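All remarks here apply to the structure that follows.
A quick note: this is a predicted structure, and the numbers were derived from the prediction, not measured. Chain identifiers are assigned alphabetically (A, B, ...) following the order of the sequence lines, protein sequences preceding nucleic acid strands; residue numbering begins at 1 within each chain.
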Amino acid sequence: MPDSPTEHTPPNAPHRHFIEQIIDADNAALKWGVNDEGVPKVHTRFPPEPNGYLHIGHAKSICLNSGLARQFHGAFNLRFDDTNPAKEEQEYVDAIIEDVRWLTDDHAGFRFGGVFWASDYFETMFSYAVELVKKGKAYVCDLSAEEVAKRRGSIGVTATSPFRDRPAEESLKLLHEMRRGDHPNGSRTLRARIDLSSPNFVLRDPVMYRILHESHHNTGTSWCIYPMYDWAHGIEDSLEGITHSICTLEFRNNRPLYDWFIDSINEGRGPGSPWGPRIHHPQQIEFARLNLTYTVMSKRFLLALVKEGRVTGWDDPRMPTIRGLRRRGYTAGAIRTFCEDIGVTTQESMIDVGRLENALRDDLNKSAPRAMCVLRPLKVVIENWPAGKVDMLDFVVNPEDPGAGTRKVPFTGTLYIEREDFAENPPKKFFRLCPGQEVRLRWAYFITCTGVVKDAAGHVTEVRATYDPATRGGDAPHGPDGKPTRKVKGTLHWISADHAANGTVRLFERLFREAEPGKKTGNQLDDLNPGSLETISALIDPALTTARPGDTFQFERLGYFCVDSDSRPGALIFNRAVTLKDTWAKQE
RNA sequence: UGGGGUAUGGUGUAACGGUAGCACGAGUGACUCUGACUCACUUAGUCUAGGUUCAAAUCCUAGUACCCCAGCCA
């Protein structure tokens with residue numbers, strides 16, 4: 001039997017968040033029984049509505065739910081809450097399945113129940129609705145949407161409906177007519193008979209079914225009434241045997257309704273009951289959704305960005321969508337680590353987007369092969385380099401991963417370095433290249449700047465330097481005491497002019513200029529960063545010409561880059577996922 | 001105005017009547033063939049006011065701030 005977290009808590013065990021604690025207690029009491037492995041049962045789900053693309057906020061929920069299933073040796077379902085055909089599309093369904101599979105590491109570590117559909121349960125839901133009507137717990141109401149709103153009441157004012165006391169027989173007849181398609185959109189609803197004067201408005205006789213003559217992506221035209229979220233959701237959970245139905249904080253008020261529907265179905269049920277056996281009653285638990293600085297996560301807004309062409313699509317690397325992050329170069333592991341890192345509570349919070357970026361840096365630092373790339377080239381001519389000589393030097397693929405080995409990189413007398421790595425009049429503590437100063441070219445040689453060439457306007461167009469043959473490989477010669485004879489503080493990346501490949505590099509900044517977009521003006525668009533994308537032509541390490549879309553590298557000293565899906569052999573495109581930390585830039 | 005929630009360093013999160021801790025950030029330093037990584041040190045907090053108690057972040061009372069709810073959305 002797999003080890004159970006409830007068996008013994010080791011000393012100094014990492015903190016367990018409130019949902020884990022609930023599950024610990026449930027398991028200790030065997031509240032949900034055991035699964036077929038004999039392990040206390042834990043079954044979670046992620047229930048998106050297929051009306052948009054998944055974003056980093058959804059990732060928190062996906063990681064929480066799938067992570068719990070993994071941790072407790074339970075199961076995890078992906079379930080589409082497709083109860084509103086007016087808003088839902090197959091395009092979103094396909095994208096969501098792909099994103100969830102990618103993010104959950106293709107379901108490793110937990111039993112993946114599969115892909116489920118609320119629409120598969122429509123028939124069962126309807127039969128339960130009939131049951132509630134018969135039990136006097138639901139009725140057909142002929143009020144229009146406007147009238148219901150008008151009669152909704154207010155704080156301290158009771159709602160009303162003239163149809164509340166309609167006989168069950170009559171409601172039943174009308175309900176079947178509604179299903180058959182006898183009534184137009186909006187003409188009637190099925191409502192739960194709960195409490196028209198409840199201070200919790202959710203309980204003021206909520207609508208269970210509305211009439212929608214609309215084609216559904218799964219059920220086609222076989223239905224023209226569709227269940228509302230509150231009515232449908234608990235039944236979906238119940239039918240799938242979900243134990244812990246985890247949702248976000250704004251559903252707190254809905255929890256009494258979630259429970260009411262299941263309790264009402266169960267009323268009078270049991271052994272020997274004509275209604276049948278009792279149905280499973282999962283526990284709804286709410287947690288705080290993710291808020292990220294410099295990020296907008298509303299589906300409506302993201303859709304607008306796409307439709308108005310402010311980004312190139314749902315997978316634009318600047319988008320907070322799962323596929324946007326993925327295209328940018330984010331790994332599933334980094335996103336999972338981030339989601340674990342930020343914790344699970346009932347307090348609303350605002351997470352610094354820098355933490356997401358840090359999670360990526362941590363992940364890629366260990367795994368990404370290094371390469372050199374010059375974004376803004378400045379020519380360097382080595383005056384004492386033998387004409388025509390090409391020196392093949394050893395380049396360490398990843399210093400963090402000795403197993404990655406080395407590869408060869410060509411060095412010649414004409415090179416390019418980063419323009420910002422040279423200063424004619426250096427500021428204090430500038431230990432890059434400047435007149436008279438010696439620096440190291442990474443894995444190559446020490447060079448010393450001997451002068452510059454300028455154009456008519458006085459701009460530096462070329463740097464002259466000499467190299468020290470004794471520093472081949474980038475090490476200073478060692479003295480008789482075994483210590484290096486001299487130290488250089490600066491190490492620069494470089495590319496041989498004759499060997500450089502050309503490529504396109506896309507540099508991104510945050511999509512928004514303000515930590516909380518729209519906070520000042522009320523319009524998030526006002527804070528859109530017009531300079532969030534910079535596309536430049538760069539000189540690329542010749543070894544990267546065979547790189548394929550999705551491959552990720554660290555360009556030394558510049559950041560982590562991912563080969564874009566638009567990239568082609570001979571027309572390389574790299575996205576910068578995130579920069580390296582740069583304490584020098586901060587000083588300036 | 002009714003109901004439901006939440007308040008701990010800059011940010012996030014622990015402490016479940018008994019030493020306010022951890023992570024991230026920030027600062028300083030060490031190390032370094034990436035001004036990266038790594039390591040060390042420093043920084044800074046219990047919303048307010050009362051009360052109970054030997055002892056309160058925790059319990060009580062009264063405030064304050066913020067979030068959610070009057071869709072035939074989810």
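- Ion pair A:Arg432/A:Glu420 flagged as a salt bridge, since at least one NZ, NE, NH1 or NH2 atom sits closer than 4.0 Å to an Asp/Glu carboxylate oxygen.
- Residues A:Glu286 and A:Arg252 are paired through a salt bridge, judged by an N-O separation under 4.0 Å between the basic side chain and the carboxylate.
- When the side-chain nitrogen and oxygen atoms of A:Arg255 are compared with OP1 and OP2 of B:C69, none of them lie within a distance under 4.0 Å.
- Distance from the side chain of A:Thr345 is smallest for B:A14 among the nucleotides B:G35, B:A74, B:A14.
- Here the nucleotide nearest the side chain of A:Arg432, chosen from B:U34, B:A74, B:G35, is B:G35.
- Side chain of A:Arg252, nearest nucleotide from B:A15, B:U6, B:C72: B:U6.
- Ring-centre distance between A:Phe561 and A:Phe555: below the 6.0 Å cut-off.
- Ring geometry, A:Phe122 versus A:His216: the interplanar angle exceeds 60°, so the pair is classed perpendicular (tilted spans 30 to 60°).
- One side chain, A:Ser245 or A:Arg45, offers a donor N or O that lies under 3.5 Å from an acceptor on the other.
- When rounded to the nearest whole Å, the span between CD of A:Glu348 and P of B:U6 equals 11 Å.
- Across all strands shown, B:U38 is found opposite B:A30 as a Watson-Crick or G-U wobble partner, with both distances under 3.5 Å.
- For the OP1/OP2 pair of B:C73 and a distance below 4.0 Å, the side-chain nitrogens and oxygens of A:Arg210 include at least one atom meeting the criterion.
- The distance between atom CZ of A:Phe338 and atom P of B:G12, rounded to the nearest whole Å, is 12 Å.
- Nucleotides B:A65 and B:C22 are separated by 27 Å at their C1' atoms, to the nearest Å.
- Which of B:G12, B:U34, B:A70 sits closest to the side chain of A:Ile351 comes down to B:G12.
- Using a 4.0 Å heavy-atom cutoff across all strands shown, A:Gly343 reaches no nucleic acid atom at all.
- Between A:Phe261 and A:Asp230, the closest side-chain pair of non-hydrogen atoms falls below 4.5 Å.
- Closest to the A:Val202 side chain, of the nucleotides B:U1, B:C69, B:U34, is B:C69.
- When the nucleotides B:G35, B:U34, B:A14 are ranked by their closest atom to the side chain of A:Gln554, B:U34 comes out on top.
- The CG atom of A:Asp394 sits 9.5 Å away from the CH2 atom of A:Trp443 when rounded to the nearest 0.5 Å.
- Considering only side-chain atoms of A:Arg152, the nucleotide from B:A74, B:A70, B:G35 that sits closest is B:A70.
- Taking the P atoms as reference points, B:A49 lies 23 Å from B:G12, given to the whole Å.
- Counting atom types as modelled, A:Gln347 pairs no side-chain N or O with a base atom of B:U13 as donor and acceptor under 3.5 Å.
- Distance A:Arg204 CZ to B:C72 P: 13 Å, rounded to the nearest Å.
- A:Phe201 has its CZ atom 11 Å from the P atom of B:G3, to the nearest Å.
- With both ends at atom C1', the span from B:C60 to B:U53 equals 12 Å, rounded to whole Å.
- Taking a pair to require two hydrogen-bonding distances under 3.5 Å in either a Watson-Crick or a G-U wobble arrangement, B:C22 pairs with B:G12.
- Base pairing annotation: B:U58 forms no Watson-Crick or G-U wobble pair, as no partner gives both donor-acceptor distances under 3.5 Å.
- Glycosidic conformation at B:G71 (O4'-C1'-N9-C4 for purines, O4'-C1'-N1-C2 for pyrimidines): syn, within 90° of 0.
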Nucleotide by nucleotide, nucleotides 19-28 of chain B touches protein heavy atoms under 4.0 Å in the pattern (B base, S sugar-phosphate only, - none) -----SSSS-
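- Both A:Ile342 and A:Met228 lie close to RNA chain B; mapped to their nearest nucleotides by heavy-atom distance, the more 5′-ward contact belongs to A:Ile342.
- In this structure, A:Phe411 has its ring center no closer than 6.0 Å to that of A:Phe395.
- The partner of B:U53, taking Watson-Crick or G-U wobble pairs whose two distances both stay under 3.5 Å, does not exist in any strand shown.
- Between B:G51 and B:U42, the distance separating the two C1' atoms is 38 Å to the nearest Å.
- For the pair A:Phe422 CZ and B:G35 C1', the computed distance is 19 Å after rounding to whole Å.
- Here A:Ser349 lies in heavy-atom contact (under 4.0 Å) with sugar-phosphate atoms only.
- Judged by distance alone, with hydrogens and angles left aside, A:Gln21 brings a side-chain donor or acceptor within reach of the base of B:C16, the pair sitting under 3.5 Å.
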How does each nucleotide of nucleotides 39-46 of chain B score, in 5' to 3' order, for protein heavy atoms under 4.0 Å: base (B), sugar-phosphate only (S), or none (-)? --------
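- With RNA chain B read from its 5' end, the first of the two nearest nucleotides for A:Ser187 and A:Thr346 is the one closest to A:Thr346.
- No donor-acceptor contact under 3.5 Å links the side chain of A:Arg557 to the base of B:G35.
- Considering only heavy atoms from C-beta on, A:Trp260 stays 4.5 Å or farther from A:Asn254 through its side chain.
- Separation of the A:Tyr226 and A:Tyr209 ring centroids does not fall under the 6.0 Å cut-off.
- In this structure, A:Asp401 does not pair ionically with A:Lys366, as no charged nitrogen and carboxylate oxygen lie closer than 4.0 Å.
- Going from atom CH2 of A:Trp443 over to atom P of B:U34 covers 7 Å, rounded to whole Å.
- Of the nucleotides present, B:C69 is the one that pairs with B:G2 by Watson-Crick or G-U wobble criteria, both distances under 3.5 Å.
- On the C1' atoms, B:A40 is 11 Å away from B:C31, given to the nearest whole Å.
- Of the P atoms belonging to B:A70 and B:G27, the separation is 45 Å, rounded to the nearest Å.
- The backbone N or O of A:Arg370 sits nowhere less than 3.5 Å from a side-chain atom of A:Glu556 that would complete a donor-acceptor pair.
- Just one residue in the list A:Glu236, A:Arg79, A:Glu240 forms a side-chain hydrogen bond (donor to acceptor under 3.5 Å, both in side chains) with A:Tyr121, and that residue is A:Glu240.
- Under the stacking definition used here (centres under 5.5 Å, planes under 30°), the residue A:Trp584 qualifies as stacked on the base of B:G35.
- Distance, A:Leu249 CG to B:C67 C1': 8 Å, rounded to whole Å.
- B:G63 is paired with B:C47 under the Watson-Crick or G-U wobble criterion, all donor-acceptor distances under 3.5 Å.
- For the pair A:His244 (side chain) and A:Ile246 (backbone), a donor-acceptor distance under 3.5 Å is absent.
- With C1' as the reference atom, B:U19 and B:A55 are 12 Å apart, rounded to whole Å.
- We find that CD of A:Glu420 is positioned 11 Å from C1' of B:G35, with the value rounded to whole Å.
- Picking from B:U34, B:C72, B:C69 the nucleotide with the shortest atom distance to the side chain of A:Asn253 gives B:C69.
- For the C1' atoms, the distance from B:G9 to B:A15 is 15 Å, rounded to whole Å.
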